[in-house]
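By convention in this document, chain letters (A, B, ...) are assigned in the order of the sequence lines, proteins followed by strands, and residues within each chain are numbered from 1. This structure is a prediction, so every number in the text was calculated from the model and none was measured.
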Amino acid sequence: MSQDLEDRTRGLLDESTARLDGRTQSRLTQARHAALASLEQPVRRRWSLFVPAGAAAAAAVLAVVMWSGPQPGAEPNPVDDMEMLVDSDAPVFAEGDDLEFYEWAADEIES
Amino acid sequence: MTAFVTLAGVYNTPTFGGVRSRDQELMTSRALEQFLSSVEKRAFKIAQLGLRNDDDALDAVQDAMMKLVQSYASRRSEEWRPLFYRILANRILDMQRRRTVRGRIMAWLPARDSEDDEDFDPVAQAPSAEPTPARRLELDEAIGALEAAIAALPPRQQQAFLLRNFEGLDVSETAGAMGCSEGSVKTHYFRALETLRARLGDVI
């Protein structure tokens, strides 16, 4: 009984599908062709759109760093001098009577 | 169908480094075309019964075709059918829900002439002058009654019935297409069959 109903309904739906009008069939064919055309023009992944922009930004940052980097023969960095002054292991230049000795030594070298 | 499987088999061979040659792309395109042409009319009929509107049904089928080609062309060909019907079923449900919401909103607005009335063409709507044999008339009535009964089924019962009975998917494929368990498919299908038997009686 149930199988009869299933067979009968399937047969009627097949018959109904076979009767689809020409306009509908034509539009289905157009839809199929449009879908297949999209296969030849694959959608690019969204993140891939940012790859060229990222590369350009990285190149720009590199160019700025190279441009503003230390030049040959440039003045020494004042930060280095400051480090020497605050370093506990550095010689103490201005304590007690040794200051006069260092001034004399400097004069001797210049003369 | 045999030719489709053969072409798809060639397409599904592994690719070196993920790069497909032009020949393989051509194989994919041909296999997909054969697949889509083999399902498009049934897919339209399923969408038409679910949406009760030819234009909406065509939109749903085209969307499903497009989505399958763009997102799942590289899958094994055996997976295309359940995937296609899953996309289509989701699209139909989306459109049914949207229509329900729109109907609720429109119910609050003042009534106005439908746009359909403006496009009404009495010549196109007139019955054909061609004489209809008695058998054809009988068949027309049976198809009309069946389609009305199917269209009146709850959406999930309708899907289960059309995918299992009309499209011929097995229980597992239908469950995949509907995104539910095999037990749910059996329940929906059984209830749909019972409802159709009660409504149609001796009509078909």
Side-chain angles (χ1 to χ4, degrees), chain A residues 1-70, chain B residues 22 25-26 28-30 32-37 39-46 48-49 54-55 57-71 73-74 136 139-147 149-150 161-162 164-168 189-190 192-194 196-197 200 203-204:
Chain A
M1 180 65 185
S2 180
Q3 190 61 45
D4 283 350
L5 180 67
E6 288 174 286
D7 291 344
R8 184 80 178 127
T9 52
R10 192 180 303 119
L12 287 172
L13 289 171
D14 283 341
E15 173 68 24
S16 173
T17 304
R19 289 186 189 181
L20 285 181
D21 60 85
R23 177 176 168 271
T24 302
Q25 291 191 37
S26 168
R27 289 181 66 186
L28 284 170
T29 304
Q30 286 172 18
R32 183 184 353 122
H33 288 166
L36 290 169
S38 73
L39 183 68
E40 293 168 8
Q41 300 163 345
V43 177
R44 296 175 68 186
R45 290 182 187 281
R46 199 167 290 171
W47 59 263
S48 68
L49 297 174
F50 296 103
V51 171
V61 168
L62 188 62
V64 169
V65 168
M66 301 267 298
W67 175 269
S68 61
Chain B
R22 179 68 189 150
E25 283 182 7
L26 206 60
T28 312
S29 183
R30 284 182 186 164
L32 274 168
E33 175 152 29
Q34 286 184 348
F35 167 73
L36 292 176
S37 61
V39 296
E40 64 192 18
K41 288 181 189 171
R42 288 170 178 275
F44 171 77
K45 181 53 70 177
I46 289 172
Q48 187 190 40
L49 289 170
D54 287 5
D55 288 336
L58 281 163
D59 284 348
V61 173
Q62 179 162 9
D63 287 352
M65 286 178 169
M66 201 68 89
K67 178 79 176 172
L68 181 85
V69 169
Q70 288 181 348
S71 302
S74 60
R136 189 178 173 92
L139 211 53
D140 286 347
E141 286 175 356
I143 288 173
L146 174 63
E147 292 190 350
I150 292 173
F161 179 77
L162 290 171
R164 285 278 292 121
N165 180 275
F166 179 44
E167 181 51 32
Y189 183 73
F190 175 76
L193 216 51
E194 288 301 301
L196 291 177
R197 180 179 289 116
L200 296 170
V203 177
I204 65 168

Using heavy-atom distances under 4.5 Å, tell me whether [X] contacts chain A through its side chain, its backbone, both, or neither.
| X | value |
| --- | --- |
| B/Lys45 | side chain |
| B/Tyr189 | side chain |
| B/Ser71 | neither |

Beyond-backbone contact of B/Asp54 with A/Arg27, side-chain heavy atoms, under 4.5 angstrom: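 No - every pair of side-chain heavy atoms lies 4.5 Å or more apart.
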Taking all atoms of both residues into account, what is the closest heavy-atom pair of [X] and [Y], and its distance?
| X | Y | value |
| --- | --- | --- |
| B/Ala73 | A/Leu39 | CB-CD1, 3.8 Å |
| B/Leu193 | A/Leu5 | O-CD2, 3.7 Å |
| A/Ala35 | B/Val69 | O-CG1, 3.2 Å |
| A/Ser16 | B/Glu147 | OG-OE2, 2.5 Å |

Criterion side-chain contact (heavy atoms from CB on, under 4.5 Å) on B/Ile150 and A/Leu13, from CA distance to verdict: CA-CA 10 Å; B/Ile150 292 173; A/Leu13 289 171; 3.9 Å; yes
Between B/Gln62, B/Glu40, B/Met66, which is the residue that forms a side-chain contact (heavy atoms from CB on, under 4.5 Å) with A/Arg32?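 So, applying the side-chain contact (heavy atoms from CB on, under 4.5 Å) to A/Arg32 and each of B/Gln62, B/Glu40, B/Met66, only B/Glu40 qualifies.
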Nearest 0.5 Å, what's the CZ-CG distance between B/Phe44 and A/Leu20?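 B/Phe44 atom CZ to A/Leu20 atom CG measures 6.0 Å (nearest 0.5 Å).
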Under the side-chain contact (heavy atoms from CB on, under 4.5 Å) rule, what do A/Arg19 and B/Leu139 come out as? Steps first, then yes or no, please. CA-CA 12 Å; A/Arg19 289 186 189 181; B/Leu139 211 53; 3.4 Å; yes
Select one option (side chain, backbone, both, neither) describing which atoms of A/Leu28 are under 4.5 Å from chain B's heavy atoms.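 Both parts, backbone and side chain.
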